[in-house]
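The structure appears right after this line, and notes come after that.
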Amino acid sequence: MSELASISYHGKSYEFPVVEGTENELAIDIKNLRAATGMITLDPGYKNTGSCESAITFLDGEKGILRYRGYAIEELAEKADFLEVAYLLIFGELPSKEELQQFHEDIKAESHVDEEMKKIIDGFPKSAHPMGVIASLTSALIAFNPSSVNVSSEKAMYYAIVRLLAKFPVLVAWTYRKRAGLPLDYGDDSLGYVENIHKMMFKKPNREYRKNDIEIEALDKLLILHADHEQNCSTSTVRIVGSSHAGLFASISAGISALWGPLHGGANQAVLEMLEAIAADDGDTKKYMAKAKDKDDPFRLMGFGHRVYKNFDPRARIIKKSADSVLSALGKEDPILAIAKGLEKEALEDPYFVDRKLYPNVDFYSGIIYRALGIPVEMFTVMFALGRLPGWIAQYREMRLKGEPIGRPRQVYIGENLRPFRALKDR
Ligand code: ACO
C-alpha cells in the first residue's frame, strides 16, 4: 500500500498516492487531481513536474550522479564504446558480443542514404547553420523511408532504430562536408561505428584516410557522455512529439530543433564563442564575470549552471580531464583552455555562483576537445545531437512501448473575458 499525500482547499482534504522510484525519489501522483478537485497544477518550466516514469537514466543533481541503466557514467566512459552504450540505453542491457555484432551488422546494412537527398543538401546555402540543415535532413529521411513511420510493432521499431543510427551519421558528415566544400562520400563498412563517422567526416578526396586512435577515442567518449540525460528539453520534445504517434524520425527532428537553443545544446557553440571573445579582449575574465552577475546585462556565463545539477556535472569533470589529455596527446595547445580553467576557478570562488550552486556543465569544456579534433564551432551542437541520438531513441521507444497518453499540458488562462467584437471602422 503506497503512502498518501494530502492537499487541503476550502476546508476539504484530498489524498493522492506517493510514488517512489528505485532510487527513493518521491513524487505525488496527481493523475486524478483535476477530476477530484477541479484544479490543475501550475509549474512553468516544469521545475517540479515529472512527466513520466522511466527506467533509462538516473541522475542526482545534488550529488552529481549520472547513470545509464544503472551503470555509472564514469565507468561507461572509461570501459565501453559508444555503440555498446547505444545498445544499453535503447534495449536496457549491455549487449553480448554476438548481440553487438548483429546490431552493428544491421546498422551497416542500412548505412546508405538515397542519392536524392544530395539534391536537398544542395538547396541549402553553404552558410546555413548545420543544426537547421541536420534537422531538415532528418525530417526529409521520412520521405525516403516511409516504412519507418509506423512503428507499432517491436520489429518495425527495431528497423526504424537501426536505419536512423545508420543514416544519421552519414547526414552529419554530409552537413559538415558541404560546408567545408568537400565531396559527399560514404563510410567504410569494415570500420567500427565511431571510426567510420570519423572517416566520413574527415577523409580528404586526395589523401588516404589515416586512422587516429586518440581522436577516435576522444570522439567516442564525448558521444558517450552526451548519450542521454533523462527528461531534458530536447528529450521531452522527442517524447511529446512521439506521444501523438508521430514517427521516430519526425520526433527526433523536433528534438534536434529543441537542442539547438543556446540554453540547451547550443551552449557548446556559445561557450567557445564566449571564450574566444574573452581571449580577444586580452583574456579579461573579470570583466565577463561582472557581466554575468549584472542583472541588467542579459549576458550569462555560458556552460555554467544546470536545471538539475546543483553540484559538479559529472560529465564536465570527465571532459575537463579528457581535454587536458587529448590536447597533450595530439601535441596541441589551446590558449582557450587556460581561459576556461581560469574562469571556472573564479566562478567556483565567487559568492554569486556559489550561492546559486552554478557549476560548469557538460558544454563548458566539450568545445575545446571538438576544436582540437578539427571540428568547426558551428558543428558542435550537431556533434551533441549525434551523441544524444541513442538517448532520444531509447526514450521514444520506452514511451511508445508503454503506450503513454498524448502529452498535452493545461494552462491557467489570464487573458480577456468574453467581450463583443468591434467592427474595423470603430477601432
Ligand atoms: N550565468 C549567470 N547567472 C546564471 C547562470 C549563468 N550561466 N545560470 C543561472 N544563473 C542565475 C540566474 O540568473 C538566476 O539568478 P537569480 O536567482 O538571481 O534570478 C539563478 O542563477 C537561477 O537560474 P535559472 O535561470 O532560474 O535556472 P534554470 O534552471 O532555469 O536554468 C540554465 C538553467 C538554462 C542551464 C541556466 O543555468 C543557463 O542559462 N546557463 C547558461 C547556458 C548553458 O550553459 N546551457 C547548457 C545547459 S546543459 C545542457 O543543456 C546540455
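None of the values given here were measured: they were computed from a predicted structure. Below, each value reflects all heavy atoms present in this structure, side chains not excepted, and no hydrogens, waters or symmetry copies. Counting starts at 1 for both ligands and their atoms, in listed order.
For atom 43 (C) of ligand 1, a protein heavy-atom neighbour is found at a distance under 4.0 Å.
Side chain of Lys287 to backbone of Asp281: no donor-acceptor contact under 3.5 angstrom is found.
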Worked check of side chain to side chain contact (heavy atoms under 4.5 Å, CB included) between Thr57 and Leu89: CA-CA 8 Å; Thr57 289; Leu89 282 167; 4.0 Å; yes
Salt bridge (Lys or Arg N to Asp or Glu O under 4.0 Å) assessment of Lys203 paired with Asp185: CA-CA 9 Å; Lys203 186 185 175 313; Asp185 265 346; 5.1 Å; no
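Considering backbone and side-chain N/O of Lys310, none are found under 3.5 Å from N/O of ligand 1. Every N/O-N/O distance between Asp363 and ligand 1 stays at or above 3.5 Å. Close N/O approach between Phe384 and ligand 1 is not found [any backbone or side-chain N/O within under 3.5 Å].
Note on ring orientation: taking the six-membered ring where Trp is involved, the planes of Phe103 and Tyr158 are tilted (angle from 30° to 60°). Classification of the Phe299-Tyr288 ring pair by plane angle, with boundaries at 30° and 60°, yields perpendicular. Ring pair Phe304/Phe364 is perpendicular by interplanar angle, where above 60° counts as perpendicular and below 30° as parallel. Ring planes of His129 and Trp260: tilted class, angle from 30 to 60°.
Contact annotation: Ala292 has at least one heavy atom less than 4.0 Å from an atom of ligand 1. Contact analysis leaves His226 out of contact with ligand 1, as no non-hydrogen atom separation drops below 4.0 angstrom.
Using a 4.0 Å cut-off between a side-chain N of Lys or Arg and a carboxylate O of Asp or Glu, Arg69 and Glu93 do not qualify as a salt bridge. A salt bridge between Lys291 and Asp284 is absent, with no side-chain N of the basic residue lying under 4.0 Å from a carboxylate O of the acidic one.
Comparing Leu263, Asp313, Leu301 against atom 6 (C) of ligand 1, the shortest heavy-atom distance belongs to Leu301. Heavy-atom proximity to atom 24 (P) of ligand 1, evaluated over Lys291, Arg300, Met274, is greatest for Arg300. The residue among Phe304, Tyr352, Tyr309 with a heavy atom at the shortest distance from atom 41 (C) of ligand 1 is Phe304. Taking only non-hydrogen atoms, the option from His264, Lys293, Lys47 nearest to atom 49 (C) of ligand 1 is His264.
For Val271, no heavy-atom contact with ligand 1 is shorter than 4.0 Å. Using a 4.0 Å cut-off between heavy atoms, His229 makes no contact with ligand 1 at all.
For atom 35 (C) of ligand 1, the nearest non-hydrogen atom of the protein is Gly305 O, 3.7 Å.
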